[in-house]
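Below is one structure, written out as structure tokens; the observations come after it.
So that the names make sense, note that chain A is the first sequence line, chain B the second, and so on, each numbered from 1.
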2 protein chains.
Amino acid sequence: MSNCEQCIVRQFSALKALNKDELVKLAACKTSHIIKKGAPLFEEGESVNGIYCVTSGVCKMSKLSSNGKDQIVKLIKAGELIGQRSLISDEPANLTAVALEDMEVCFIPKSEVLSLFDANNQFSMNLMKTVCGDLKETSDHMVSISQKTVKERLAETLIYLEETFGKNEDGSLHIQLSREELAGMVSTATESCIRLLSDFNKLGLIELHGKKITIIDSNKLKRIAD
Amino acid sequence: MSNCEQCIVRQFSALKALNKDELVKLAACKTSHIIKKGAPLFEEGESVNGIYCVTSGVCKMSKLSSNGKDQIVKLIKAGELIGQRSLISDEPANLTAVALEDMEVCFIPKSEVLSLFDANNQFSMNLMKTVCGDLKETSDHMVSISQKTVKERLAETLIYLEETFGKNEDGSLHIQLSREELAGMVSTATESCIRLLSDFNKLGLIELHGKKITIIDSNKLKRIAD
DNA sequence: AATTTTATATGATTAATGTCAGCTTTTTTA
DNA sequence: TAAAAAAGCTGACATTAATCATATAAAATT
């Protein structure tokens, strides 16, 4: 059982409000897990009974629609919490969480979160701000899907991926998504996504080497994205 | 200055957790307002500095996109609160709120909400649940826009309007939206919306008399909506 | 009441994007 | 390493839904 006081990623989530005693108590009740790439943390409809704190790795939160397409609602990276919404709503998960890379996560049981919620106003305020931030992002995402073209959304998504997850030493996007997953973020068909990537490539906006995507002209991409 | 203790709609929002003292204090600091149909409560980008509690009437929360279309993100009815998200995030409004009917609202200043938040755990938990509910709805709405056809979404929206706002004695939808507004909810062009309403009419699923829409076969509509 | 403006309606056309099919490359598994 | 499976790519085509044009009806204004 590792220490929560030393945990760096804590600073990035609502947990930053916890005091020493609370952290000791947290360390005692949390459990650590390794989630392999492609494995689910939980699936839509499951009862989660706690929240996950991501120590390393990235995961996608998505919803499978009746036509078999996986719409990615958001990506989560180290330092963020997963499952707050359904914990607070006291409902089963609305989205499926699947690891995009090998992940390390800590599971904090619901009872512990609720007791923190009661005892620590700053913690609950932080949690609330996170959920409110998610709500704003999701509203904006919704408007973007309904008002922008696929090309604009793809450009927007590529910029988002670079800004949020950074790049490798060779300049390529650090996060590796399949074309299908990228399409799921953009909300388009896989073929359309591939075709537009290929167009961007021909226009010199990006470079493609297998799964690696390198953004060459981010200003032009930003202009396309609006 | 009217009484908050006697206010019925309080029961429908996070405010139901307030005790007698808190309600007296609330009554003393809140202000009541009449908003005429078509008038804005606030616009995107404005600082709201408090929350509105809707006593009567309905309003739309929408976002104007660069191409001039108004995407309606959600509708709000009596008993609900408006502006929690930006209050908690401490940000300007992300959406514009416009009255669809004459409305009565009470404005509660930010300082009062924050002090309730600190003093009353149940209140903050309620507020949090509301925001989480909004987040789930918005996520689902987003997936619906990206995965369903316009026809399916229109059917879905009509069912939602009947279930949420009820019908008049003659069976027509109680809430009256322009075709443009309905299109804004469905996320489609006004013409497409009109055309599909006309199709539904010909198929005997609904009846149109001017602005009045009457749902005739809600089962078939539900089947179309999925 | 007449006129202007706005909303609703419908047809024709175009543009955007999804679907299907076939092929190549990459990855996985035996 | 060979074979099989999955992912990526491209072209052809179909479909959906947006746009444009125009007509009618309703509402607002003079």
ask   = Separation of L182(A) atom CG from dC9(D) atom P, in whole Å?
value = 11 Å

ask   = Will you find, in the side chains of S56(A) and E104(A), an N or O donor that is under 3.5 Å from an N or O acceptor?
value = yes

key: Smallest separation among heavy atoms of R153(B) and S187(B), with atom names   = NH2-O, 2.7 Å

inquiry  = Checking side-chain polar atoms at under 3.5 Å, does Q71(B) have a donor or acceptor matched by the opposite partner on S65(B)?
reply    = no

ask   = Got a donor-acceptor contact below 3.5 angstrom from the E80(B) side chain to the K77(B) backbone?
value = yes

request  = Rounded off to whole Å, could you give me the CD-to-C1' distance for the Q147(A) and dT19(D) pair?
outcome  = 15 Å

Annotated protein contacts, base or backbone, on nucleotides 6-23 of chain C with a non-hydrogen cut-off under 4.0 Å, one of B, S, - each = -SSBBBB----SBBB---

ask   = Donor-acceptor pair, Q147(A) side chain versus S144(A) backbone, under 3.5 Å?
value = no

